[in-house]
Amino acid sequence: MSDHITIRPAEGTWVVRAGGAVLGESSRALELVEGDYPPVIYFPREDIAMAFLDASKTRSHCPWKGDAHYYHIIAKSGAIEDAAWSYEAPKEGMEQIKDCLAFFKNKVAVEQV
């Protein structure tokens, strides 16, 4: 596990919106802070409308978290490419984010409500 990554429960209730629609809302979201990067909110999959997500072929690797799998969001206005990611088999010490999704804030709205 990396000592520059902190994962803790995110305070309050969080919502993710794309193309004007609410994709999910959770009071069980996690906040991941990695070094000097802004915090990232991870939503449990069961709190996201997975029917609007389509697995992408895009992958990336983080030496601390593992391999990320990406998802397109299928919105009324069209697909939002690679808008979400998930660590489906995270590295040791990062198990809390397994079965969670994070979203790019420049592609969707992630807000505390």
Side-chain angles (χ1 to χ4, degrees):
M1 178 172 165
S2 173
D3 59 1
H4 78 287
I5 296 176
T6 305
I7 303 171
R8 62 177 172 250
E11 288 187 21
T13 300
W14 289 81
V15 67
V16 58
R17 292 185 183 89
V22 173
L23 282 180
E25 184 176 307
S26 182
S27 57
R28 301 178 304 128
L30 297 171
E31 180 185 67
L32 184 146
V33 178
E34 182 173 357
D36 295 332
Y37 292 106
V40 175
I41 301 300
Y42 280 78
F43 290 83
R45 272 180 199 252
E46 54 267 22
D47 294 344
I48 298 294
M50 293 300 293
F52 294 100
L53 273 66
D54 192 20
S56 160
K57 291 186 168 116
T58 304
R59 302 285 185 267
S60 66
H61 178 76
C62 169
W64 298 283
K65 296 185 294 274
D67 295 320
H69 295 243
Y70 289 73
Y71 293 85
H72 306 309
I73 295 171
I74 310 306
K76 282 184 185 175
S77 55
I80 305 170
E81 303 282 318
D82 294 331
W85 73 92
S86 175
Y87 291 94
E88 291 160 22
K91 290 196 167 201
E92 186 177 338
M94 298 289 130
E95 294 89 355
Q96 285 176 275
I97 60 172
K98 182 179 179 5
D99 299 324
C100 292
L101 288 160
F103 296 85
F104 286 102
K105 290 182 178 179
N106 62 337
K107 297 186 178 193
V108 302
V110 175
E111 301 161 333
Q112 191 174 15
V113 293

[X]-[Y] co-clustered via ILVMFWY side chain contacts under 4.5 Å:
X: L101; Y: V108; result: yes
X: F104; Y: I73; result: no
X: V110; Y: I48; result: yes
X: I5; Y: V40; result: yes
X: W85; Y: M50; result: no

Could you give the distance from [atom1] ([X]) to [atom2] ([Y]), rounded to the nearest 0.5 Å?
X: I97; Y: K65; atom1: CD1; atom2: NZ; value: 6.5 Å
X: L53; Y: I80; atom1: CG; atom2: CD1; value: 9.5 Å
X: E81; Y: D54; atom1: CD; atom2: CG; value: 9.5 Å
X: L30; Y: I7; atom1: CG; atom2: CD1; value: 7.0 Å
X: E11; Y: S27; atom1: CD; atom2: OG; value: 13.0 Å

Minimum-distance pair of heavy atoms, taken over all atoms of [X] and [Y]:
X: Y37; Y: V33; result: O-CG1, 4.4 Å
X: F43; Y: W14; result: CE2-O, 3.6 Å
X: E25; Y: T13; result: CG-CG2, 3.5 Å
X: A29; Y: S26; result: N-OG, 3.3 Å
X: A18; Y: L23; result: CB-CD1, 3.8 Å
X: E34; Y: C62; result: OE2-SG, 4.3 Å

- Between W64 and H4, how do the two ring planes meet: parallel, tilted or perpendicular, split at 30° and 60°?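 Plane angle over 60°, so perpendicular.
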- Please state whether the rings of Y87 and Y42 are parallel, tilted or perpendicular, taking 30° and 60° as the class boundaries.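 Tilted, since the angle between the ring planes falls between 30° and 60°.
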- Query: Got a sec, which residues hit side-chain contact (heavy atoms from CB on, under 4.5 Å) with E88, two or more places apart in sequence or on another chain?
  - Reply: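 With sequence neighbours excluded, E88 shows a side-chain contact (heavy atoms from CB on, under 4.5 Å) to R45, H69, Y71, S86, given in chain and number order.
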- Query: Hey, is CG on D36 packed in by over 12 heavy atoms from elsewhere, all under 6.0 Å?
  - Reply: no
- Item | Pairs involving residues 95-113, ordered by first then second residue, that meet salt bridge (Lys or Arg N to Asp or Glu O under 4.0 Å) (sequence neighbours left out) |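 Residue pairs with at least one partner in residues 95-113: R17-E111.
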- Query: So, the side chain of E31 versus the backbone of P39: is there a donor-acceptor pair under 3.5 Å, distance only?
  - Reply: no
- Query: Pairs in or reaching into residues 15-34: which pass ring pair (Phe, Tyr, Trp, His ring centres under 6.0 Å), with residues at least two apart or in two chains?
  - Reply: none
